[in-house]
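Read the structure below first, then the notes.
A, B, ... follow the sequence lines: proteins, then strands. Residue 1 opens every chain. As a basis for the values below, the full set of heavy atoms in this structure was taken, side chains included, without hydrogen atoms, waters or symmetry mates.
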Amino acid sequence: MATAKLDMEKLVSLCRRRGFIFQSSEIYGGINGFWDYGPLGVELKKNIKDAWWQDMVRNPPPGPDGQEITMVGLDCSIIMNPKVWEASGHVATFADPTRKCSGCGRFVRADQLWAILAESSEWMNSLIQEFTPITGAIDTPKLLKWAQGKGKKLAPNLALVRNPQVVLSFLATRVNGQPDAPPDLMEMTRYLATEQLHATGLQDPCPLCGGPLGEPKPFSLMFESHAGTEQTEESKVYLRPETAQGIFANFANVVSSSRVKLPFGIAQIGKAFRNEITPRNYIFRSREFEQMEIEFFCHPEQSMKWYEYWRDLRKKWYSTLGIKSDNLKPREQGKEELAHYSIGTTDIEYMFPFSEDPQELEGVAHRGAFDLTAHMSKSGKDLKYFDEDGWNALLHERLEPLKNDPARREEEKKKLNREERPKFIFTPHVIEPSAGADRFTLAVLCEAYSADQVPDADGKMEERLVMKFHPRLAPVKAAILPLVKKDGMPEKAQGLYRELKKHFKVEYDDGGAVGRRYRRQDEIGTPFCITIDGDTMKDDTVTIRDRDTLQQRRVPINSVLEEIRKALMS
RNA sequence: GCGGGCGUAACUCAGUGGUAGAGUGCCACGUUGCCAACGUGGUUGUCGUGGGUUCAAAUCCCAUCGCCCGCUCCA
């Protein structure tokens with residue numbers, strides 16, 4: 001743990017120093033849970049998003065039966081009609097009134113308070129054995145003893161524990177005042193939680209520490225804003241907490257406009273916002289983040305096959321971009337963990353250095369027909385799919401034999417329309433591979449970070465900091481370096497630089513000794529250094545230095561483009 | 001949100017009431033023919049922020065913001 005934490009700090013420091021990631025609004029003291037990508041960070045993240053788009057949308061691998069699969073893209077607005085979030089369940093789920101304990105600061109769902117107190121509150125379970133609520137009898141000495149013993153440990157902020165004399169006297173007044181209506185368990189508990197009855201009225205206790213709970217307040221993980229001039233409840237809008245709902249809301253548009261047939265997927269990369277209670281672990285859990293999501297629509301009967309396809313494909317994708325499989329942990333969620341709509345979910349997790357446990361990079365969820373059904377019922381629009389191919393095939397099969405008997409043919413057609421056609425109209429099931437672009441960027445940074453030993457000019461071994469990015473993801477693909485700043489080398493090098501920058505992000509650097517320049521490139525993970533030396537001037541060859549092996553190869557200057565391209569395809 | 005720790009240059013850090021520092025980096029010039037070379041010169045600060053105590057505050061006190069760790073939350 002100690003070494004893991006150290007690595008993380010070094011990584012954060014490197015990312016700041018070299019311009020990968022900055023804290024947002026730093027000159028104003030920063031803002032918790034928001035991050036900026038610097039000049040190198042933006043290249044890295046863009047490469048990640050481009051790789052995803054290329055490999056999943058433009059060139060997805062064949063499906064489970066070797067067939068080509070259909071993928072299209074979408075880019076939806078961040079703010080949508082708020083009804084979208086009512087339909088998806090986000091408004092309901094997050095509008096749950098929550099109460100904050102002023103003692104320990106923890107939050108309790110208001111509607112679950114008494115259930116939690118009755119079932120899983122440790123101090124309540126202990127306290128309940130000290131009195132006999134059925135008769136309403138109160139054993140004051142027993143309660144006092146509890147308050148001074150077990151109570152001190154279990155419920156340090158409970159009024160009874162903090163000030164037993166006063167609390168018990170309030171309770172006694174109540175019991176003696178209305179002997180015909182003894183307090184029930186709930187009322188008695190509230191008395192025991194109340195220290196200043198006249199000032200505050202009866203209090204509800206925190207199930208964890210016994211402290212008084214505040215008023216219920218709706219706690220939403222969604223950021224709110226207003227659209228339009230008036231800031232009223234009617235103009236309230238939300239910043240999307242996920243990109244997925246924009247896809248569902250556009251399902252019918254895509255089907256009717258782009259000639260796609262089931263099964264097919266819709267992909268989207270975009271920002272999402274969640275007002276996380278505790279943003280933590282660098283860019284891992286931030287309040288503004290970017291998702292790379294696919295909603296893959298398929299026939300319900302084939303959905304398990306597609307679920308497995310995406311689960312396996314998505315894990316493999318991370319490996320092809322240089323994430324060691326040892327650090328990648330697919331984890332099938334347990335039944336109790338699953339969201340209520342999900343038939344199955346696999347989290348693809350990564351062993352980040354900041355945690356002993358693997359943390360989620362991506363969730364591949366089988367969402368069934370939940371989302372389309374929800375939007376159908378909320379919007380009143382038909383989002384079912386009509387399998388025309390299947391229907392036409394059936395028509396052909398049944399009507400072809402009757403082609404010489406028009407009357408029977410017509411009759412059979414009517415019958416099929418009545419009895420068989422509805423079977424080809426259904427709500428597709430959805431497989432959702434939902435990846436975090438920032439989380440993967442962080443994983444790539446963690447995975448790439450390494451220190452090795454290399455000999456310096458005197459042959460002495462010394463530490464070298466190197467970011468071993470996959471060439472495809474590296475923010476800079478190659479550095480063009482004149483060995484020395486004379487004899488026409490800079491000019492020659494600049495010529496090559498101008499040629500290469502048409503194709504890739506490359507850097508030109510003629511400052512200082514070449515060794516220093518190599519190390520600088522190592523630290524930002526540039527896979528290749530192209531050096532122009534004296535021989536280049538004679539025979540138009542250059543050396544290509546490999547970041548990881550430090551080996552140099554001499555190649556013709558006009559083959560450099562192809563050499564880099566080859567590495568990017570690997 | 002609670003508890004604990006921390007906050008000084010781009011980075012790592014020293015500085016415990018009396019002139020704000022070091023190393024690294026970065027920039028320029030010279031030199032330099034292959035792995036953080038060398039020389040010379042230069043560069044960087046609201047000491048996180050605000051207030052208080054004091055003749056005097058990076059240093060002591062209070063508040064606040066941010067970061068880290070733990071709790072909690074994570075559809």
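Ion pairing between A:E523 and A:R17 holds under the 4.0 Å rule for side-chain N and carboxylate O. For the pair A:R311 and A:E332, the salt-bridge criterion is met [side-chain N within less than 4.0 Å of a carboxylate O]. In summary, A:R547 and A:D522 do not engage in a salt bridge, as defined by a charged side-chain N under 4.0 Å from a carboxylate O. Using a 4.0 Å cut-off between charged side-chain N and carboxylate O, A:K45 and A:D438 make a salt bridge. Here A:R554 pairs with A:D533 in a salt bridge; the nearest charged N to carboxylate O distance falls below 4.0 Å. Salt-bridge check for A:R287 with A:E276: failed, with every basic side-chain N at 4.0 Å or more from each acidic carboxylate O.
For the C1' atoms, the distance linking B:A14 with B:C47 amounts to 13 Å, nearest Å. Atom name C1', nucleotides B:G45 and B:U19: the rounded distance is 15 Å, in whole Å. Nucleotides B:U64 and B:G4, compared at atom P, are 13 Å apart to the nearest Å. Only the P atoms considered, B:C13 is 10 Å distant from B:G7, to the nearest whole Å. A gap of 31 Å separates the P atoms of B:C2 and B:A10, to the nearest Å. Taking the P atoms as reference points, B:C67 lies 43 Å from B:C35, given to the whole Å. Nucleotides B:A36 and B:U24, compared at atom C1', are 10 Å apart to the nearest Å.
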* Produce a footprint string for nucleotides 22-32 of chain B: one letter per nucleotide, 5' end first; B if the base is under 4.0 Å from any protein heavy atom, S if only the sugar-phosphate is, - if neither. => ---SS-----B
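Take A:F22 and apply the side chain to side chain contact (heavy atoms under 4.5 Å, CB included) test, not counting sequence neighbours, and it matches A:R16, A:D36, A:P39. Residues forming a salt bridge (Lys or Arg N to Asp or Glu O under 4.0 Å) with A:R367 (at least two apart in sequence, or on another chain): A:D371, A:E432. Under the side chain to side chain contact (heavy atoms under 4.5 Å, CB included) criterion, A:S286 pairs with A:W35, A:F289, not counting sequence neighbours. Residues meeting the salt bridge (Lys or Arg N to Asp or Glu O under 4.0 Å) test with A:E362, sequence neighbours left out: A:R314. Here A:Y518 pairs with nothing under the ring pair (Phe, Tyr, Trp, His ring centres under 6.0 Å) rule; sequence neighbours left out.
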Tabulate protein N/O versus nucleotide N/O from nucleotides 5-9 of chain B, keeping only pairs under 3.5 Å, one per line.
none

Using atom names, set out every protein N or O paired with an N or O of nucleotides 64-66 of chain B below 3.5 Å, distance rounded to 0.1 Å.
| unit_1 | atom_1 | unit_2 | atom_2 | d |
| --- | --- | --- | --- | --- |
| B:G66 | O4' | A:G29 | O | 3.3 |
| B:G66 | O3' | A:Q23 | NE2 | 3.1 |
| B:G66 | O2' | A:Q23 | NE2 | 3.0 |

Please tabulate, one pair per line, each protein N/O and nucleotide N/O from nucleotides 40-46 of chain B that are separated by under 3.5 Å, including the distance.
none

Got a list of side-chain donor-acceptor pairs under 3.5 Å for residues 488-496 of chain A, not counting sequence neighbours?
| unit_1 | atom_1 | unit_2 | atom_2 | d |
| --- | --- | --- | --- | --- |
| A:K492 | NZ | A:D540 | OD1 | 2.6 |

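For A:R16, no side-chain nitrogen or oxygen approaches OP1 or OP2 of B:A10 to under 4.0 Å. Close to B:C69, at under 4.0 Å from its OP1 or OP2, lies a side-chain N or O of A:N281.
Residues from residues 283-290 of chain A that place a heavy atom under 4.0 Å from any atom of RNA chain B, listed by number: A:R285. Within residues 544-563 of chain A, the residues that have a heavy atom under 4.0 Å from RNA chain B are, in order of number, A:R545, A:L550, A:Q552.
As judged by a 4.0 angstrom heavy-atom cut-off over every strand, A:D487 is placed among the base-contacting residues.
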* Residue pair A:I266, A:N250: steps toward the side-chain contact (heavy atoms from CB on, under 4.5 Å) verdict -> CA-CA 10 Å; A:I266 305 179; A:N250 277 297; over 6 Å; no
* To do: For the pair A:T243 and A:E293, evaluate side chain to side chain donor-acceptor pair (under 3.5 Å) and give the outcome as yes or no after the intermediate values.
  => CA-CA 7 Å; A:T243 56; A:E293 283 198 306; 2.5 Å; yes
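By the rule that a glycosidic angle within 90° of 0 means syn, B:G50 does not qualify and counts as anti.
For the pair A:F354 CZ and B:C69 C1', the interatomic distance rounds to 13 Å; values are reported in whole Å. When rounded to the nearest whole Å, the span between CE of A:M222 and C1' of B:C74 equals 15 Å.
Listed nucleotides B:C69, B:C11, B:C34 differ in distance to A:S13; the shortest reach to its side chain belongs to B:C11.
Rounded to the nearest 0.5 angstrom, A:Q268 CD and A:S434 OG are separated by 11.0 Å.
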